[in-house]
Structure formats: structure tokens, C-alpha cells
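Whatever order the structure lists ligands and atoms in, that order sets their numbers, starting from 1.
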Amino acid sequence: RVDRRQRSDVYKRQRPDGLNSSGVDVDALKAWEITTGSDEVVIAVIDTGVDYTIDDLAPNMWTNEAELNGEAGVDDDGNGFVDDIYGMDFANNDSDPMDDHGHGSHCSGTIGASGNNGIGIVGVAQNVKIMGIKFLTARGGGSLEGAIKSIDYATQMGVDVMSNSWGGGGFSEELKNSIIRAKEAGILFTAAAGNSRQNNDARPTYPATYDVDNIVAVAAVDSRGQLASFSSYGATTVDVAAPGVNVLSTTPDGLKSWSGTSMATPHVSGVAALVLANEPEISMEDLRDRLINTTKPLSSVRGKVASGGLVSAYYALMNEQPPVDPDDPWGWEKVAEQVSTDHPYANDANQEWTLSVPGANQIAVVFSRFETERSYDTVDFIDANGTVVGTMSGSHDGGCLLYTSDAAT
Ligand code: CA
């Protein structure tokens, strides 16, 4: 059983323009000055289907012209599937990928709700073609077999990107092989990191964690740039972050604001669509590198996702690294130190270390690993003026920034 990502619609706040507030977004407005997308780019949304009758989605649906203009009941284009006009439905084993759930239509709107029509929302790519491939049922579950058939159909039809806001089940060699077939066809595969707030490096989530290098695994952040409380992560197995909290998008029942790595993933697919529109000849490998290497640095996801940042349509199109904030200690010169207590140590013992960087104006203490016995042992941080600027206890893994001191010691 392959389960749809859990979603939550408890978030009530909606923004009429469908964009996240306060600048933590994928820079779509700036990107649209360069391109709004292209009808030549095809994104397969592998999900619960797509409601192709939604006003905002209908103009951007991929259509199989041979089937649209062909005879009912006949495989007009000879691809082995009869009447596959908008895609396929491997949940009900027919050729109508109509969405009877909502999840796939929501993801589709984020990728490519059409722009400038005065209704609803605008997707990251205003012009794009969305192929609906359904293998998740009305209840949101799906089979391994359906997932593999979906990926293989999209590969056969030669899409540019497969957007995968789903996951679950154990390792499957067959599923992995279908993703490898997509890779060999030069197709990017975006995948939700999952909503289990777990470290995927330690506990894999499939398909996001398969070691196939067309996969871009996506964590979710909120509009303030914080890693979403539900989001799974992984310093090596999750690649990028994208907005995934309170995302307003299209469903068969109107616009809904939903949260999940399911909602973050189609943002990345939409950014990929813009890059492909602007650079039709870019290879899948270069496209993947571009998405990862042009992320905007975000302290909340450092040590949590490999790129340490949020996907940006603008910087991806410009092929530029976003500017580094000079006040951000992450960009400062690094001086490595390792400190630990004697073993064993006596009760009520105090130990003191001095960290000194001659010539520095400020010092930030960043831990790659911090381990003390929670609430029994504490570490106080005292600046050169003798002021306690921070206290820590317990265990922390990966890139935790404790404090910044103006004093050089
Ligand atoms: Ca056909």
C-alpha cells in the first residue's frame, strides 16, 4: 500500500493571491519578468488525478491530440492505452484521470494554474501542460503496481518532469527501477520528503529517498522560513525546501489552503517548468543541479536539507547564487574547535573553555554535534564582558547556531 501524504487543512488563513507572505516564497513575481512558462513543457502530476474541468486548470491541461480527435474506444495514437486524452487512471484502470479526491488538483494548481484570467490563483508556471496520472484512489491510497504503471506511462509519453506528492511503503526494487527508467529518459522526478517530521537519512521515505539522481526530494517551510513542524528532512537525502504551509490552490470544491510536503513539491516542479521554458535544451542533470545550487540560504533548514535553502524561480532562471547576508554568521570565516569534558567526570564539576579568534569582531558558536545529559548538565556561554549570552542542554545534531557575541572572545 502506498499512502498519500497526510495533509492538514486546519490552517485557516488564506491569501487571495495564493502566494506566501513576507518574502519567503519562490520569487515567482520576479521570475515572471523573465518567463511565465511554455506550452512545450509537460509535467505529469502523479497523484489522485486532476480535475481538468476547473477553470484555472483547463487551459493548461496536456491533451493527447490523437485521442481527443480520434474515435472513442480506439487507441488512436497506438501507445497501448485507449482514450487517454488527459492522462491515465491506474487506480480504477481506465483512461479518465478525473480527480475524485482533490489532492492532485491542488498540486496541479500550484504548478500551473493559468494566469491573467482574472480567476482563482496563479501557478508558479502560468503556462505549462499538466498531464493527469491517477493511481491514488478517492480515499488517497494507492498500490505499488499503480505507482509503477504511472511512472512508466509518463516515461513512455515523454514528459519533462514527474511531480510526486506521495510516499509510503518499504523499499521496492521495481519502483526504483521505474524511476531509473525515467532518469534514463532524461525526466526529472520531484518527490515529497514526507510529513513524519523524521530524519530521512536515518529512516528512508520512498520514493523520495531512493538513490536515483533524477530525484529532487522536497521539505516544507512556512511563510516565515521555518521548517514546517510536520516536515521530514535529511541533510543528505532531502535536497531543497519549498513553501508548504497554508498553500492556497485549486480543488474540485474551490480554492483550499492546505499544508504538507505535498504542497511544497509542486512548487519545485513549477520552478523546473519555468527553467525548461527558458532553456528548452537544458539536460535533466543540469536542471536538477540548477534547482539545488540556486536556492536561497535559509538558516532553519541548514543541516536539514542538502542545499540548505529554499528553491527560487528567479535565481534558477538567472543561474545565479542568491546574495549572502553579511550579517549571517554562516558565511563567516570558520574556525574549528572541539571541546569535551574529561571522562568520567565528578558530580557538580565545572569546566571552562575559552574560544578566542584574534582580530574577529563577532563570534558565533555553531555546533555540528552537541551532547550533554539533558537537564543534569548545562553549558553556559559567557562573552568577553562576562555576560551569560546563552545556555544549552541535551543533544542537538547538525548546524545549530547558539549565539552571536559582539566581543571577540
Ligand atoms: Ca492511446
Tell me whether the rings of H106 and W258 are parallel (<30°), tilted (30 to 60°) or perpendicular (>60°).
parallel
With a 4.0 Å cut-off on N to O distance, would you call D99 and K134 a salt bridge?
no
Is there side-chain contact between I292 and R290, with at least one heavy-atom pair below 4.5 Å?
no
Hey, are N117 and D56 close enough side-chain-wise for a donor-acceptor pair under 3.5 Å?
yes
In terms of the angle between their ring planes, are Y86 and Y52 parallel, tilted or perpendicular, with boundaries placed at 30° and 60°?
parallel
Are R181 and D152 within salt-bridge range, i.e. N to O under 4.0 Å?
yes
What protein N/O/S atoms are found closer than 3.0 Å to the Ca ion (ligand 1)?
E67 OE2, D75 OD1, D77 OD1, N79 OD1, F81 O, D84 OD1
